[in-house]
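Okay, so here's the structure we're looking at.
These values consider heavy atoms only, across backbone and side chains, with no hydrogens, waters or symmetry-generated copies.
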Amino acid sequence: MATKHDQIIDYIESLPVGEKISVRSIAKNLNMSEGTAYRAIKEAEVSGLVSTIERVGTIRIERKSKDNFEILTFGEVAKIIEGEVLGGQDGLDKVLNRFVIGAMTEEAMLRYIQPESLMIIGNREGAQKLALENGAAVLITGGFEASEELIHLADSLKIPVLGTSYDTFTVATMINRAMTDQLIKKKIMLVSDIYTELADTYYLTSDGTVYDYRQLNESCGHSRFPVVNQVGRLVGIVTAKDVIGKSDSMSLERVITKHPTITKPHTSVASVAHLMIWNGLEMIPVVKDNLELLGMVSRQDVMKAMQLAQRQPQVGNTIEDEVVDNLSLPSLSSDSPEHYRFTVTPQMTNSLGTISFGVLCEVISAVTRDYLLDVQKKNAVIEQLSLHYLKMIQIDSEIEIQIKTLDIGRKYAKLDIEVLLENTIVAKAIVTNQLMEKN
């Protein structure tokens with residue numbers, strides 16, 4: 001049976017967009033307390049169901065769709081370029097694999113046209129038909145219209161014909177950026193990619209006893225289990241330490257650790273690794289927004305995922321990738337493994353022609369991680385970075401980064417970093433890191 005909280009959320013979802021709501025009206029209509037209604041409305045606001053507008057009140061809004069996508073379809077392309085679907089509506093769900101700019105003769109085009117590709121072209125009807133007949137969608141630039149014959153052909157083949165007022169170069173740039181963003185997102189691993197689902201997870205219920213824990217512990221060999229209530233929501237964690245000296249008949253509700261550290265499926269693996277290191281956790285429950293248990297993620301899962309991420313081929317450059325590519329690392333035989341060099345490129349500067357503050361932070365972060373991995377043989381998660389930018393660093397400057405270890409322990413390291421330009425200190429940073437073993 002749905003809880004009162006879920007009933008309110010369902011009720012809000014059923015309201016038309018633009019409907020005004022209040023704590024009092026919800027409580028009255030559903031015969032519930034105002035406290036329960038208030039908490040549910042706040043959750044609805046976080047999830048994008050309602051919005052509170054000053055001097056207007058709380059109103060039901062249309063939930064925004066996510067900007068990220070796993071695959072790039074022709075429908076997504078139409079949204080990206082703010083285009084119009086002229087024909088082939090039934091083919092919008094097809095996946096875009098590549099795009100071709102139609103700036104050549106029709107005979108030369110044939111070698112480039114492939115199914116699930118997109119031909120970007122102006123008002124050349126012969127080339128447009130040729131693309132459709134060979135399985136490629138068509139994007140007509142410059143605000144030109146499609147002929148009735150072309151639209152009929154697109155509808156019959158179920159291949160989209162799109163139109164946009166943008167020029168060819170602008171459209172190609174927009175699509176290329178979207179495809180690059182998609183590739184970058186693919187290499188960022190999330191908890192949803194690695195966690196053990198509920199069907200394969202060992203867990204206990206809150207109405208169980210210490211005896212149930214001991215039985216499960218003996219059968220599966222694990223010592224930590226999530227505990228859920230009757231509707232499957234997480235209420236706590238029980239470990240071997242919690243049941244030491246307790247009688248078999250004692251209720252689990254009396255021994256569990258309540259309000260445990262949790263994570264959501266959309267959380268990055270790097271964030272979960274940070275939580276595990278900082279709190280010394282071996283596993284973390286994965287839950288929905290309403291705390292319904294979805295499964296578990298273990299430290300072993302996280303370590304395997306991070307090692308896999310390091311071996312992934314490069315598919316799309318981020319700012320970090322650009323920085324690392326431009327960083328000169330010390331040679332393995334160097335007597336000064338703490339000395340790095342970096343050249344400031346035009347893309348890394350601000351409007352004044354000096355290195356961007358954010359890029360300088362990223363340079364120091366990259367140097368820190370490489371130094372700790374090379375010298376200490378440990379992976380690092382930066383906890384705090386305090387940077388003082390003393391003098392301007394101009395475009396095309398070659399800077400030197402020198403590292404000194406201030407303090408280091410089993411789980412942390414504090415480094416003093418100096419940035420030099422022509423033997424003059426131009427920036428200084430203190431970086432505090434969390435450490436974990438490389439293997």
Side-chain angles (χ1 to χ4, degrees), residues 67 169-170 173-174 176-181 183-185 187-188 268 270-271 274 309-310 314-376 378-408 412-435:
D67 290 335
F169 177 79
T170 302
T173 302
M174 294 167 76
N176 190 60
R177 176 59 187 269
M179 294 178 78
T180 302
D181 288 349
L183 292 173
I184 289 172
K185 288 174 183 177
K187 70 175 182 179
I188 299 174
S268 71
S271 296
H274 179 94
Q310 291 173 356
Q314 188 63 39
V315 289
N317 278 356
T318 62
I319 293 175
E320 180 185 359
D321 297 323
E322 298 289 348
V323 167
V324 171
D325 289 345
N326 209 38
L327 193 65
S328 297
L329 308 179
S331 64
L332 295 176
S333 59
S334 172
D335 295 330
S336 302
E338 68 282 0
H339 286 212
Y340 295 76
R341 292 189 176 277
F342 182 82
T343 302
V344 180
T345 64
Q347 293 87 353
M348 299 175 183
T349 58
N350 55 29
S351 59
L352 301 176
T354 60
I355 190 170
S356 163
F357 189 85
V359 170
L360 185 56
C361 286
E362 188 54 57
V363 171
I364 291 171
S365 300
V367 166
T368 297
R369 289 191 293 268
D370 184 83
Y371 173 76
L372 291 172
L373 187 60
D374 184 42
V375 176
Q376 300 297 331
K378 291 184 177 180
N379 290 309
V381 177
I382 294 177
E383 179 68 25
Q384 185 175 13
L385 191 157
S386 177
L387 174 62
H388 297 273
Y389 195 172
L390 306 177
K391 292 185 179 181
M392 295 295 184
I393 302 172
Q394 298 293 326
I395 189 173
D396 294 330
S397 298
E398 184 181 71
I399 57 178
E400 182 180 349
I401 301 103
Q402 297 183 359
I403 303 176
K404 298 176 184 176
T405 302
L406 297 179
D407 194 11
I408 192 162
Y412 72 94
K414 182 177 286 188
L415 305 178
D416 177 23
I417 297 179
E418 293 182 346
V419 180
L420 293 91
L421 177 61
E422 298 177 350
N423 296 320
T424 301
I425 297 176
V426 292
K428 281 183 68 73
I430 301 294
V431 186
T432 305
N433 306 271
Q434 294 179 26
L435 301 178

In this structure, CD1 of I393 is separated from CE of M348 (nearest 0.5 Å) by 12.5 Å

Taken to the nearest 0.5 Å, the spacing of L421 CG from I399 CD1 works out to 8.0 Å

message: Run Q394 and M392 through side chain to side chain contact (heavy atoms under 4.5 Å, CB included) and show every step you take.
response: CA-CA 6 Å; Q394 298 293 326; M392 295 295 184; 3.9 Å; yes

Rounded to the nearest 0.5 angstrom, the CG-CD1 distance for L372 and I382 is 8.5 Å

Quick check: do D370 and Y340 have side-chain heavy atoms less than 4.5 Å from each other?
yes

The salt bridge (Lys or Arg N to Asp or Glu O under 4.0 Å) partners of E400 (sequence neighbours excluded) come to R341

Heavy-atom nearest pair, L435 first then Y412, reads CD1-O, 3.5 Å

Got T349 and T354 here, is their nearest side-chain heavy-atom distance under 4.5 Å?
no

Taken in chain and number order and not counting sequence neighbours, the residues that satisfy salt bridge (Lys or Arg N to Asp or Glu O under 4.0 Å) with K414 are none

Output for pair (H388 NE2, I430 CD1), nearest 0.5 Å, gives 7.5 Å

d(L420 CG, K428 NZ) to nearest 0.5 Å is 9.0 Å

For the pair N350 (side chain) and L352 (backbone), establish whether a donor and an acceptor sit closer than 3.5 Å, ignoring hydrogens and angles.
yes

The reported gap from CD1 in I355 to CD in E362 (rounded to nearest 0.5 angstrom) is 11.0 Å

Any side-chain heavy atom of V419 within less than 4.5 Å of one from V363? no

For L360 and A427, the nearest pair of non-hydrogen atoms, with its separation, is CD2-CB, 4.1 Å

By side chain to side chain donor-acceptor pair (under 3.5 Å), Y389 pairs with (sequence neighbours left out) none

